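As a basis for the values below, the full set of heavy atoms in this structure was taken, side chains included, without hydrogen atoms, waters or symmetry mates. Protein chains get the first letters and strands the later ones, always in sequence-line order, with residue 1 at the start of each. From a predicted model like this one, the values you see are computed outputs, not experimental measurements.
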Amino acid sequence: MSLHLDHLAWSVDGRVILSGVDCTPPRAALTGLLGPNGAGKSTLLRLVAGVLPADSGRAVLDDVDLLALPRRARARRVALVEQETVAYGALTVHDAVLLGRTPHGSRWGGTTEHDHDVAHHAMEEAGVAEFARRPLGTLSGGERQRVHLARALAQEPELLLLDEPTNHLDVHAQLDTLAVVRGLTGRGVTVVAALHDLNLAAAACDHLVLLDRGRVAAVGSAAEVMRPEVLEPVYGVRCLVLTHPETGRPVLTFSPRDGSRSPDAG
Amino acid sequence: MPAALSPFRPRRAALLPALTATALLAACAGTPSSPPTTLTPTSATAAATAGTAHTTYPLTLDNCGFSVTVKAAPQRIVTIKSSATEMVLALGAGDRIVGTGFPDGPVPADLAAGAALPALSDKVPAAEVVLAAQPDLVYGGWESNLTAEGAGDRATLAGLGVATYVAPSACKEPQYQPDRLTFDDVFAEITEAASILDTGAAADELIATQRAALAGVTPDTRGVTALWYSSGDDVPYVGAGIGAPQMIMDALGLTNIAAGVKDTWTAFSWEEVAQQDPDVIVLVDATWNSAEQKKQKLAANPATANLTAVKNQRYLVVPFAATEAGVRNVPATVDLATQLAAVDLG
Amino acid sequence: MSLGRTAPGTGRSSLTLVLAAVVLLASMTVAVTIGPAGIAATDVWQSVGHHLSTLIGRGGPGGPPLGPLLDGVVWELRLPRVLTAAAVGAGLAVAGAVMQSLTRNPLADPYLLGLSSGASLGAVAVLVLGATVLLPVAAFAGAVLALAAALGLAGSLGTLTPARTVLAGLAVSQLCAAGASFIIFWSATNDSYREILAWLMGSLARAGWSAVAIAGVAVVVLGTGLVLSARTLDAFAFGDTAASALGIEVGRTRWSLLTVVALLTGALVAVSGSIGFIGLIVPHAVRLLVGAGHRRLLPLAALLGATFLVWADTAARSLFEPRELPVGIVTAFLGAPVFALLLWRRRSSSQDLA
């Protein structure tokens with residue numbers, strides 16, 4: 001059930017955003033999608049979810065070309081969680097999570113008991129079950145982020161796409177979210193998450209894809225990708241890689257390239 | 001979130017001019033005090049006119065494009081607006097009135113029936129109120145009186161067996177609106193109303209009397225120009241070329257400075273009035289806007305204070321109810337002729 | 001992990017729905033007995049009962065119990081009017097709720113796409129210019145043309161986003177309103193102002209049985225379609241991207257739902273003029289009661305809107321007797337303070353829709 005992204009490309013107004021992305025996020029694993037701003041991370045996720053129409057390329061999951069599926073069928077397999085751009089404060093958490101059941105069940109009918117069960121389970125997993133009756137407007141940014149995650153979980157996807165899921169979260173919540181995601185991968189769900197925090201990516205991800213200006217700059221494990229010679233040309237900063245004494249994973253610190261004092265120098 | 005542009009504005013925008021216009025048109029009800037009467041027939045010569053035969057029913061006629069069938073002489077009449085009420089009274093059928101509405105002023109003394117007429121509303125009564133009076137005829141002075149928002153939709157009332165009649169001079173459809181109202185049109189209205197009410201004899205008498213009175217009015221030969229001013233401070237609302245004001249002014253020998261506008265009444269401009277500088281101004285007297293109030297405003301308004309007629313106080317006064325086609329036109333004309341003769345144009 | 005869990009609050013919202021339906025029926029039954037003609041309530045119901053039994057062929061001997069004119073008051077004036085009020089109120093509330101969701105604008109009302117201004121233009125053409133077309137037909141045609149213009153304008157700018165829809169609707173509204181105002185000022189004489197003013201404010205005085213049929217069919221057919229689309233409407237809550245990711249064909253769905261709303265609104269405006277505030281206020285009030293899920297929102301909004309307009313119209317035709325006000329004035333008077341109240345509550349509870 002690997003996800004195979006084959007030469008996905010997208011341009012708008014003559015500007016090329018993605019110029020042929022090839023990579024294979026492994027099944028049932030957490031793949032981190034890295035890259036500076038404007039590298040095309042969000043665009044790539046949207047292309048795979050089918051929200052943006054790709055100019056060319058395929059996204060194949062388990063021998064099924066996702067982009068060729070009808071929209072509803074794709075939505076039953078793929079869930080996308082983006083940064084919250086549109087707030088709808090009046091909706092309760094429960095109703096918001098229930099939206100994830102939309103692609104399942106009838107277009108005209110109501111929600112079934114099964115839908116409510118799945119929604120409840122999703123809320124528990126994302127840690128927002130206690131807010132079930134509260135309107136979204138009364139929650140903090142981080143709590144809302146988790147509600148959106150719960151919505152995606154309620155979709156029961158095979159592939160979960162996350163765009164900066166840890167943005168609004170404090171450290172504790174960040175770790176909680178990643179724990180939820182790991183639980184998912186343990187159940188066989190493939191997860192691709194765009195992350196800006198390189199250390200978090202290094203700590204949590206099984207597989208990394210580094211994007212640079214619309215093309216793949218590097219793929220591989222954390223040890224393979226998190227190296228100065230790989231990161232420095234892409235991010236334009238000096239990078240120092242240490243090894244975490246307990247987990248053995250890379251730990252990164254950065255300093256400006258031109259030799260001026262780094263922010264944490266004495 | 002898009003800017004909170006209120007979607008209400010479009011509707012309000014449509015409303016505003018209509019509301020302003022309505023404010024302008026507030027000149028649509030009121031009670032002036034009025035001397036002129038209807039000249040109830042007294043002379044023997046009037047009585048000598050052969051009475052028309054009684055109306056044969058059912059009577060069918062085309063009234064403002066609506067086909068009206070009157071099955072029998074109406075016994076329970078609801079009248080709306082003074083022109084209708086006074087017509088019925090002048091034809092001697094006042095005892096058959098079961099309700100009146102929207103009067104433009106008190107009924108002149110010589111017409112008033114002994115007992116006061118039952119008033120349904122001081123504006124247009126609602127349909128239900130009219131029906132509660134159980135009429136068999138609803139007689140409206142304006143076509144808009146007989147709509148669903150007013151006293152009732154004509155077709156609905158007809159379906160319930162209630163005949164409806166609108167004063168023909170007030171028809172809005174162009175082919176029914178008299179193009180240049182004449183006294184013959186007014187007399188024809190009296191005749192038609194009488195045929196509906198089966199009061200042919202009374203009509204003949206009334207018309208004969210009024211014709212005689214009219215014949216006694218000699219048009220003024222001094223070449224007097226006039227403005228027939230009804231309402232409006234910034235924009236005057238005046239009698240124009242084809243309605244009752246023009247008809248009366250013709251009989252008086254007055255030249256209407258707004259005669260060129262092919263309408264019954266029209267919004268005019270003080271500039272135009274100043275340019276024409278009419279010799280006299282005919283003031284419509286209504287309770288909500290009396291002739292006295294108009295005189296004061298004209299004197300105070302810089303746009304009008306220097307008009308010849310204003311400086312020399314050359315005013316003629318006519319009551320509001322007499323400015324609609326009806327039984328009061330002739331008496332008003334006679335009275336205005338007397339006023340005009342007394343005006344010094346020197 | 002099924003714990004036999006039912007949807008939270010299902011019981012409660014079903015109860016609310018039943019209660020609302022009962023209140024509506026009771027309101028209609030009482031409203032029919034109120035009016036300036038002063039007919040006793042029992043006589044009114046007897047008259048209605050007589051007509052109904054005649055309709056189903058089981059009429060008793062003799063004519064209606066009241067005289068023909070008073071009976072006409074009940075059967076030709078009051079009853080169709082109450083029924084039309086219920087249908088129009090229900091339709092406007094549902095249309096308003098859907099419009100607010102589709103454009104994600106809490107200030108949206110059913111007339112957003114230039115529908116009311118377009119219909120006004122049609123009505124003005126008949127009432128002022130004297131075009132020989134039936135008033136409802138002209139109003140409906142005006143509404144549809146305005147809609148086509150608004151959607152065409154919005155669509156020509158690119159994909160149909162909520163913001164574009166609102167702005168295009170605004171542009172068309174202004175144009176139609178200017179046209180209508182021009183015609184009124186230029187051509188209206190004396191008393192035709194009253195007619196067009198009554199129409200612009202919204203009036204149920206013209207509502208006969210044909211109005212009941214038009215409004216009723218529109219509400220039942222189109223309104224049911226909207227209620228069935230509840231899940232789809234819910235999916236729009238978090239924006240077009242999220243809706244698309246949930247499997248909704250955003251562009252096509254928005255077009256078709258807007259069209260349904262427009263047809264429904266057009267039919268309602270055609271029989272009653274542009275009655276304001278119901279499409280705006282009732283959805284917000286119902287959201288405060290049962291939340292924003294459309295499955296609960298739409299039916300309850302319909303019932304509440306119907307009840308509200310039945311009472312507003314009863315007030316319009318009885319409170320000021322022997323005269324009658326256009327019902328739009330009453331809804332505005334009632335609606336404005338209610339709207340202010342809702343805004344005030346929203347501020348203090350920080351449930352911002354923006």
Give me the atom names and distance for the closest heavy-atom approach of [X] to [Y].
X: A:L80; Y: C:A245; result: CB-CB, 4.1 Å
X: A:R71; Y: C:I248; result: CD-O, 3.1 Å
X: C:A242; Y: A:R151; result: CB-NH1, 4.2 Å
X: C:A237; Y: A:L91; result: CB-CD2, 4.0 Å

Rounded to the nearest 0.5 Å, how far does [atom2] of [Y] lie from [atom1] of [X]?
X: A:L98; Y: C:D234; atom1: CG; atom2: CG; result: 8.5 Å
X: C:R231; Y: A:L99; atom1: CZ; atom2: CG; result: 9.0 Å
X: A:H104; Y: C:L246; atom1: NE2; atom2: CG; result: 9.5 Å

Residue [X] versus chain C: region with a heavy atom under 4.5 Å:
X: A:V118; value: neither
X: A:T102; value: both
X: A:L136; value: side chain
X: A:H114; value: neither

Counting distance only, does the side-chain N/O of A:R72 pair as donor-acceptor with the main-chain N or O of C:E249 below 3.5 Å? no
Return the option, out of C:G225, C:G293, C:G247, with the maximum number of heavy-atom pairs under 4.5 Å with chain A. C:G247
Find out whether C:F238 and A:E82 are in side-chain contact, i.e. whether some heavy atom of one side chain is under 4.5 Å from a heavy atom of the other. no
Salt-bridge criterion met for C:R296 and A:D95 (N-O under 4.0 Å): yes
